Every structure is written in structure tokens, then in C-alpha cells.
Amino acid sequence: MHHVLRFTNAPPRSVIICHEKSINVTLPINAHEFIAETPEQLQYWYKDANGWQSTPTTAFAMKRGINAEILEKYIQDHTYYFVETSFGGNHIMADIFMAAFKYARTEENFLLRDTLQLWTAIQLLIKGASLHPSSDLLGMMAINNPSSTQANSVPPPRVLANQIEHSLERRIWQLEKQILSELQKRIFGRKKEDWLKIFFTTVVLMNSLERDSWRLYYWMCHSEQGNTWQHPTAPKRLIEKNDALAESLAAHFAAISKGITPFALDWSREQSFGLIGNCEDPHGVLGAIERIGRGLRNPEHAIYTGNVMAHYSQHDERSLDFLYSSKVMIV
């Protein structure tokens, strides 16, 4: 939106953006006042227990986009927090992601690190930006709605919020292209030392698709409530794209694995342990694999993953976990 805005001559205002106050990771930007030309530029939309709700907003926006390196660091600085807090009682996914995080800390494992960055960016989209308590609030008021996940936080003005979302979406698109290209090279390379890294990368990427599809299903369920979908492609079509990509990822992993998964191996054998490769905590990764395997063998898990969509909840982005990733997380 910012390239068609008519800005006033007022000096820029320094604003501090955050997505999670408890970890004190912030994004400083300059906001400029503009002359609103449409009603939607003065309405901020947020979710509550009943769907989309709106609140009046002021007219501020960025004149320039967010620096790519600054945005990348901002995303990465949230990864550990989301890995630790995004799975609740889902111990299988919690173990998968903590093992993936440890892998990604080794310099050579840039593919997994990029995939975790993509996943984190989707978490930031779901969470939504707010103005940090120490920021200039630009005349915005806190959301006074106890049934909203944004209750008591002060949102950015509508156009500024859209610009931040678009910056994250653009980074997600860039990362997805990079990851799929590199993952294809690794798969066709068929190096045994890459096999377990490919598995973790595939699961993290699939969970990114699961969380993204959850977000898109929310839009589909509440499409008639006033908030306008901004993307040129409809949510239903984007879900179909996620479905197709997940099927392709599962088929490629099955092809290089010849039906074997990490949870079918005897990890007490030296040959199997060697598959872990370069990792800062190989024994921790091994312990995680063994715990995940026990979780996957639990009959209740098989019942749950038999129909994940039956557990969909518009209030819980975790409700579609395993929708795609269960295709490779088998014993």
C-alpha cells in the first residue's frame, strides 16, 4: 500500500515493533503520517472468539521497506522462543523441533536453519505485530477485548501492520524458493550423511505448511466478516498448493529412504549413529529420536493422525499439526 500513499509533511515518528514482549526482541522503524483516502486504511482488524473484529486506526505507514538483514535477524531472534513454546503438550513435535534447532546451530546446516527461519516467520504472521510499551503509540489504543489473543496490546496502525505482514510474507516466499531448490539437490545427491538432516528439514517445512494452512482455513471460515483478503490468490487455492507440496515432499523422502524412517533403525549400531553427522549434541538428538519413536508407536497417536482435520480449531494453530508431517513421521 505504501507506494500509492500521499504522505504529509509531518516529520517521521520513531516506532518500536514487537511480536512477543517477554523476550524483548524489537524492530525499530520510522512511521510517516499519510492522508487516508479509503475507509479500510482507517480500520484495524483482529481476531476474537467470534471471528474478525475491527477498531479505528490512525494513518501511519513506512515510506521504505524493512532492511532485509535487519528483518532476517529479527525473525531468527524469535526462533528459540517459538521452538520452546509452540507445541504445548505435543511432545513429539517439541522433540523434533528442539533436535532440529540443535542441528541448525552448526554452520554447515544452513538448509535446516533457513527452514526454521521460514517456520518462525509464519509464527510471527500468526502472532501479529504490536507496538512495544516503550514505543511512540501513534495515537493507537490497546485492544480492549478479553476474548482476543491481542487483548491489552496496542496494534500498529492498519497500513503499517499490513506493510510488516507483507515484509514477512515476501521473506517466506524467498526462503521457500531457496529451501526447495537446495532440498532437491540434497535429495538427488543421496548422500547418507544428509539423510537425517533431510528428514528434519522435511518435517519442519511440513509443519510450516500445517501452520500456514491453519491460518488460511481461518480466512476461509470468516471470509464474510468484513476483513478483505489482500493476497492475489484465494485462501482455498493456497491450501491446495500446500497440500500438493506436502505430497511431493513425502514422496521424495520415501523414494530416497526406501521405506525406512529414523524410527525404524537400530541406533545402538555404529553405522546408524554415524547418520547423525555433524551436530553439537549428537547424543541429545539420539535421545530425541528414541522418545519420538515411542510417541509415534502410541495407539492414541495413530488414532489422532488418522483424521487430523477433525481436530481443527480456529482458536489453536497447533490443531493441524501432523496434517502433513504424519506422512513421513511413521514407524
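Bear in mind that the values here come from a model prediction, so they are computed numbers and not experimental data.
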Checklist entry - Would you say the side chains of T201 and T115 form a donor-acceptor pair under 3.5 Å? => result no
Checklist entry - Are the charged groups of R215 and E317 less than 4.0 angstrom apart, N to O? => result no
Next on the checklist: Quiz question: by atom type and distance under 3.5 Å, do the side chains of H315 and S313 form a donor-acceptor pair?
Outcome noted: no
Next on the checklist: Does either side chain, that of E169 or that of H231, offer a donor lying less than 3.5 Å from an acceptor on the other one?
Outcome noted: no
Item to check | Any residue meeting ring pair (Phe, Tyr, Trp, His ring centres under 6.0 Å) with F263, in chain and number order, not counting sequence neighbours | outcome: F199
When the side chains of residues 232-242 are checked against the rest of the protein, which donor-acceptor pairs come out under 3.5 Å, sequence neighbours left out?
| unit_1 | atom_1 | unit_2 | atom_2 | d |
| --- | --- | --- | --- | --- |
| K241 | NZ | E176 | OE2 | 3.1 |
| N242 | ND2 | D212 | OD2 | 3.1 |
| N242 | ND2 | S213 | OG | 3.0 |

Next on the checklist: Check the orientation of F322 and Y304. Use parallel for under 30°, tilted for 30 to 60°, and perpendicular for over 60°.
Outcome noted: perpendicular
Checklist entry - Within a strict 4.5 Å, meaning less than it, do heavy atoms of the M329 and I96 side chains meet? => result yes
Checklist entry - Under 3.5 Å, side chain of Q41 to main-chain N/O of E37, donor-acceptor pair present? => result yes
Checklist outcome for this item: In this structure, CG of L296 is separated from OG1 of T305 (nearest 0.5 Å) by 8.5 Å
Checklist outcome for this item: Here the pair of heavy atoms bringing S22 nearest to Y81 is OG-CE1, 3.9 Å
Next on the checklist: Measuring from atom CD1 of I16 to atom CG of L137, what distance do you get when rounded to the nearest 0.5 angstrom?
Outcome noted: 10.0 Å
Checklist entry - Any idea how F87 and F97 line up, ring-wise: parallel (<30°), tilted (30 to 60°), or perpendicular (>60°)? => result tilted
Next on the checklist: Taking ring pair (Phe, Tyr, Trp, His ring centres under 6.0 Å) as the definition, give me every residue that meets it alongside W173, ordered by chain and number, with sequence neighbours left out.
Outcome noted: none
Checklist entry - For the hydrophobic clusters of this structure (ILVMFWY residues joined by side-chain heavy atoms under 4.5 Å, transitively), does one cluster hold both F7 and I35? => result no
Item to check | Atom CG of D266: over 12 foreign heavy atoms under 6.0 Å | outcome: yes
Checklist entry - When rounded to the nearest 0.5 angstrom, what distance separates OG in S167 from CG in L71? => result 6.0 Å
Checklist entry - When clusters are formed by joining ILVMFWY residues with side-chain heavy atoms under 4.5 Å apart, either directly or through shared neighbours, do L131 and M141 land in the same one? => result no
Checklist entry - Once the angle between the rings of H78 and Y74 is folded into 0 to 90°, is it parallel (under 30°), tilted (30 to 60°) or perpendicular (over 60°)? => result perpendicular
Checklist entry - Are S86 and R211 close enough that some pair of their side-chain heavy atoms sits under 4.5 Å apart? => result yes
Item to check | Residues clustered with Y46, ILVMFWY side-chain links under 4.5 angstrom | outcome: Y44, I143
Checklist entry - So which of I179, I122, L175 actually passes side-chain contact (heavy atoms from CB on, under 4.5 Å) with S208? => result I122
Checklist outcome for this item: Scanning both residues in full, the closest heavy-atom pair of L205 with L249 reads CD2-CD1, 3.8 Å
Next on the checklist: Under 6.0 Å from the ring centre and within 45 degrees of the ring axis: does the NZ or CZ of R186 meet both conditions for the six-membered ring of F200?
Outcome noted: no
Checklist outcome for this item: Separation between NE2 (H19) and CG (L168), nearest 0.5 Å, reads 5.5 Å
Checklist entry - Has N152 got more than 12 heavy atoms of other residues, nucleotides or ligands less than 6.0 Å from its CG? => result no
Checklist entry - With no hydrogens and no angle check, do the side chains of R113 and Q76 hold a donor and an acceptor under 3.5 Å apart? => result no
Next on the checklist: Do V25 and E20 have side chains that approach each other closer than 4.5 Å (heavy atoms only, starting at C-beta)?
Outcome noted: no
Checklist entry - Taking the side chain from T120 and the backbone from L116, do they hold a donor-acceptor pair closer than 3.5 Å? => result yes
Checklist entry - Would a hydrophobic clustering, with Ile, Leu, Val, Met, Phe, Trp and Tyr connected at side-chain separations under 4.5 Å, put I303 with V308? => result no
Next on the checklist: Within the structure provided, determine whether L323 and M309 are in side-chain contact (heavy-atom separation under 4.5 Å).
Outcome noted: yes
Checklist entry - Do you know which two heavy atoms are closest between P155 and S153, and how far apart they sit? => result CD-O, 3.5 Å
Checklist entry - Roughly how far apart are H91 NE2 and I292 CD1, rounded to 0.5 Å? => result 12.5 Å
Checklist entry - What is the minimum heavy-atom distance between K327 and A250, and which atoms define it? => result CB-CB, 3.8 Å
Next on the checklist: Within the structure provided, determine whether L111 and D194 are in side-chain contact (heavy-atom separation under 4.5 Å).
Outcome noted: no
Next on the checklist: Run M140 and T58 through side-chain contact (heavy atoms from CB on, under 4.5 Å) and show every step you take.
Outcome noted: CA-CA 7 Å; M140 295 293 292; T58 52; 3.6 Å; yes
Item to check | Min side-chain heavy-atom separation L118-D114 under 4.5 Å | outcome: no
Next on the checklist: Within the structure provided, determine whether S130 and Q150 are in side-chain contact (heavy-atom separation under 4.5 Å).
Outcome noted: no
Next on the checklist: Keeping Q163 on the side-chain end and M62 on the backbone end, is there a donor-acceptor pair under 3.5 Å?
Outcome noted: yes
Item to check | Shortest non-hydrogen separation from D48 to N145 and the atoms involved | outcome: OD2-ND2, 3.1 Å
Next on the checklist: Test your reading of the model: is there a side-chain donor-acceptor pair from S148 to the backbone of K47, 3.5 Å cut-off?
Outcome noted: yes
Item to check | Derivation and outcome, side-chain contact (heavy atoms from CB on, under 4.5 Å), residues L196 and I276 | outcome: CA-CA 6 Å; L196 195 58; I276 293 177; 3.9 Å; yes
Checklist entry - Just by distance, with hydrogens left out, do D243 and Y324 show a side-chain donor and acceptor under 3.5 Å apart? => result yes
Item to check | Single-linkage hydrophobic cluster, 4.5 Å side-chain cutoff, I92 and I330 together | outcome: no
Item to check | Over all atoms of both residues, closest heavy-atom pair of S325 and M93 | outcome: OG-CE, 3.0 Å
Checklist entry - Quick one: are V15 and F60 in side-chain contact, heavy atoms under 4.5 Å? => result no
Next on the checklist: Donor-acceptor check, side chain of R171 to backbone of E72, threshold 3.5 angstrom: yes or no?
Outcome noted: no
Checklist outcome for this item: Which of W229, W219, W45 passes ring-ring contact (aromatic ring centres under 6.0 Å, His included) with W52? Answer is W219
Checklist entry - Can you tell me how far CG of L27 sits from SG of C18, rounded to the nearest 0.5 angstrom? => result 10.0 Å
Checklist entry - Who pairs with R105 by salt bridge (Lys or Arg N to Asp or Glu O under 4.0 Å), at least two apart in sequence or on another chain? => result E280
Checklist entry - Looking only at atom types and distance, does a side-chain atom of T57 sit under 3.5 Å from a main-chain N or O of R158, one as donor and one as acceptor? => result yes
Item to check | Test item: side-chain donor near acceptor, E210 and N207, under 3.5 Å | outcome: yes
Checklist entry - Counting N and O atoms only, with roles assigned by atom type, does the side chain of W214 sit under 3.5 Å from a partner on the main chain of R318, one being a donor and the other an acceptor? => result no
Checklist entry - Applying the 4.5 Å side-chain criterion to the ILVMFWY set and letting contacts propagate, would L42 and L138 be lumped into a single cluster? => result no
Item to check | Trace of the side-chain contact (heavy atoms from CB on, under 4.5 Å) decision for H132 with N24 | outcome: CA-CA 9 Å; H132 192 269; N24 201 31; 3.6 Å; yes
Item to check | Under the salt bridge (Lys or Arg N to Asp or Glu O under 4.0 Å) test, residues paired with R13 that sit two or more places apart | outcome: D136
